[in-house]
There are 2 protein chains.
Amino acid sequence: MDVFLETVSALNDETRIKLLAFLDAHGALCVCDLQESFGMLQSRLSRHLKILKEGGFLRVDRCGTWAYYSLRCPLDRFRSEALTEIRCLGIELPPLKKLSETGGCKL
Amino acid sequence: MDVFLETVSALNDETRIKLLAFLDAHGALCVCDLQESFGMLQSRLSRHLKILKEGGFLRVDRCGTWAYYSLRCPLDRFRSEALTEIRCLGIELPPLKKLSETGGCKL
DNA sequence: TCATAATATCAATATATCTTGATGTATTAT
DNA sequence: ATAATACATCAAGATATATTGATATTATGA
């Protein structure tokens, strides 16, 4: 029950839905890229990413000071179906601004 | 986006998950049956049932003063997958106490 | 009509979640 | 070592959601 609720509540926020859609569209990104792209405080993004990770949606690859977040793969049926729904929403996403491109970590 | 969030937030509560599991197990029930079975205030159940209905999970059949709530059928893929998850949780549910059996409405 | 029953809604409070700004930690560059 | 960068965490205030108790609405039955 708790695991399911954790998964569901991870979906229960507009910012997190947009983050999922964004990472689905652009692959692995680090927090500073998301910060640039979304124009949100880093602490805010960090918190939401943590919730999405604990909800089973994201993985993190650390490389030095960088933390690259991406969709966990494969997603189980429920999470995968959630992602399908999100894709169908046609959410307007901000343009990608990749800070880490210049001098960032080579995964 | 809003529709999806409404669906997700309908799932984002332990009481509502139990209600879904209970109605899945027992079919159409009226509020007073649920009240007896769950031992919760009627206003509380009524509110949760409304949220589940607005979230696209339940239908209501009115018959006189009775309101029979049951799972909407068919459920779309996401909601259906959510229900599958809930079934797999093996939630402990209260025993069914059917008040409406004696003198209740004949659907 | 009047009383009762089933359900829905509302206002107030309690509880949980989100956002912000500040601080902490670890890593890299000088 | 020192400074700067990337990220995580925390405390406080803001916002949203849940619960309760009271009241409203509608239908049935005497």
Side-chain angles (χ1 to χ4, degrees), chain A residues 1-2 5-19 23 28-55 58-70 97-107, chain B residues 1-2 5-19 23 28-55 58-70 97-107:
Chain A
M1 168 76 97
D2 292 332
L5 261 174
E6 199 174 28
T7 305
V8 166
S9 73
L11 290 170
N12 194 39
D13 182 274
E14 189 168 331
T15 300
R16 290 196 288 270
I17 290 176
K18 284 184 181 166
L19 281 171
L23 291 169
L29 293 173
C30 60
V31 182
C32 60
D33 291 334
L34 295 167
Q35 190 181 347
E36 268 299 294
S37 303
F38 280 83
M40 288 179 182
L41 287 177
Q42 177 266 322
S43 61
R44 181 175 171 187
L45 287 171
S46 191
R47 184 181 197 278
H48 285 302
L49 290 167
K50 183 185 183 187
I51 291 171
L52 285 169
K53 178 171 162 286
E54 289 172 350
L58 300 185
R59 58 176 292 175
V60 198
D61 294 288
R62 285 176 192 292
C63 188
T65 68
W66 284 270
Y68 284 83
Y69 285 86
S70 57
K97 295 184 187 170
K98 229 174 177 176
L99 269 187
S100 56
E101 204 106 82
T102 52
C105 165
K106 299 101 201 150
L107 260 184
Chain B
M1 167 76 97
D2 292 333
L5 261 173
E6 198 174 30
T7 304
V8 166
S9 72
L11 290 170
N12 194 38
D13 181 275
E14 189 167 332
T15 299
R16 291 197 286 271
I17 290 176
K18 284 183 181 167
L19 281 170
L23 291 169
L29 293 172
C30 62
V31 182
C32 61
D33 292 334
L34 295 166
Q35 189 180 349
E36 268 300 292
S37 303
F38 280 83
M40 288 178 181
L41 287 176
Q42 178 268 324
S43 60
R44 181 175 170 186
L45 286 170
S46 190
R47 185 178 197 281
H48 284 304
L49 289 166
K50 184 185 183 188
I51 291 170
L52 283 169
K53 178 171 162 287
E54 289 172 351
L58 300 185
R59 58 176 290 175
V60 197
D61 295 288
R62 288 179 187 289
C63 188
T65 67
W66 283 270
Y68 283 83
Y69 284 87
S70 57
K97 294 183 187 171
K98 229 174 177 176
L99 269 186
S100 56
E101 203 104 85
T102 53
C105 165
K106 298 101 204 150
L107 261 184

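Order of the sequence lines sets the chain letters (A, B, ...), proteins ahead of strands, with each chain counted from 1.
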Exercise. What is the distance, rounded to the nearest whole Å, between atom CG of A:Leu49 and atom P of C:dT19?
Worked result: 12 Å

Exercise. OH/A:Tyr69 to CG/A:Leu58 distance, rounded to the nearest 0.5 angstrom?
Worked result: 8.0 Å

For this session: Among C:dC18, D:dC7, C:dT7, find the nucleotide with the atom closest to the side chain of A:Cys32.
Result: D:dC7

For this session: Just report the end-to-end axis angle for the helix from C:dT1-D:dA30 to C:dT30-D:dA1, five pairs per end, to 10 degrees.
Result: 10°

For this session: Using heavy atoms to find the nearest nucleotide of DNA chain C for A:Thr65 and A:Ile51 separately, return the residue whose nucleotide is more 5′.
Result: A:Ile51

For this session: Could you tell me the separation between the NZ atom of B:Lys53 and the C1' atom of C:dT9, rounded to a whole number of Å?
Result: 14 Å

Problem set entry | Most 5' of A:Met40 and B:Val60 on DNA chain C, judged by nearest nucleotide | B:Val60

Exercise. Does D:dT17 have OP1 or OP2 sitting under 4.0 Å from an N or O in the side chain of B:His48?
Worked result: no

Seminar exercise, completed: When B:Arg47 and A:Ser43 are each assigned the nearest nucleotide of DNA chain D, the 5'-most assignment goes to A:Ser43

Seminar exercise, completed: Atom CZ of B:Phe38 and atom P of D:dT20 are separated, to the nearest Å, by 14 Å

Exercise. Sub-3.5 Å donor-acceptor pair from the side chain of A:Ser9 to the main-chain atoms of A:Leu5, do we have one?
Worked result: yes

Exercise. Which nucleotide sits closest to the side chain of B:Arg16: C:dT7, D:dA18, D:dA8?
Worked result: D:dA18

Problem set entry | Separation of C:dT17 C1' from B:Leu5 CG (nearest whole Å) | 14 Å

Exercise. Starting at the 5' end of DNA chain D and moving along, which residue's nearest nucleotide shows up first, A:Asn12 or A:Lys50?
Worked result: A:Lys50

Exercise. Could you state the CZ-P distance from A:Arg44 to D:dA11, rounded to the nearest angstrom?
Worked result: 21 Å

Problem set entry | Whether A:Ser37 side chain and A:Asp33 backbone form a donor-acceptor pair below 3.5 Å | yes

Problem set entry | A:Leu52 CG to D:dA8 P, straight-line distance once rounded to whole Å | 12 Å

Exercise. Distance from A:Arg47 atom CZ to A:Arg16 atom CZ, nearest 0.5 Å?
Worked result: 7.0 Å

Exercise. Once you round to the nearest 0.5 Å, how far does OG of B:Ser46 lie from CE of B:Met40?
Worked result: 13.5 Å

Exercise. For B:Leu41 and D:dT20, what is the distance between atoms CG and P respectively, to the nearest whole Å?
Worked result: 5 Å

Exercise. In terms of side-chain heavy atoms of A:Gln42, which of D:dT20, D:dC10, D:dC7 is nearest?
Worked result: D:dC7

Exercise. OP1 or OP2 of C:dA8 less than 4.0 angstrom from a side-chain nitrogen or oxygen of B:Tyr69, does that happen here?
Worked result: yes

Problem set entry | Straight-line distance of A:Leu52 CG to A:Thr7 OG1, nearest 0.5 Å | 11.0 Å

Exercise. Over how many whole Å does the gap from B:Lys98 atom NZ to C:dA6 atom C1' extend?
Worked result: 17 Å

Exercise. Counting only side-chain N and O atoms of B:Arg62, is one of them less than 4.0 Å from OP1 or OP2 of D:dA27?
Worked result: no

Seminar exercise, completed: To the nearest 0.5 Å, atom CE of A:Met1 lies from atom CD of B:Glu14 at 4.0 Å

Problem set entry | Atom pair NZ/CG of B:Lys98 and B:Leu34 - distance to nearest 0.5 Å | 10.5 Å

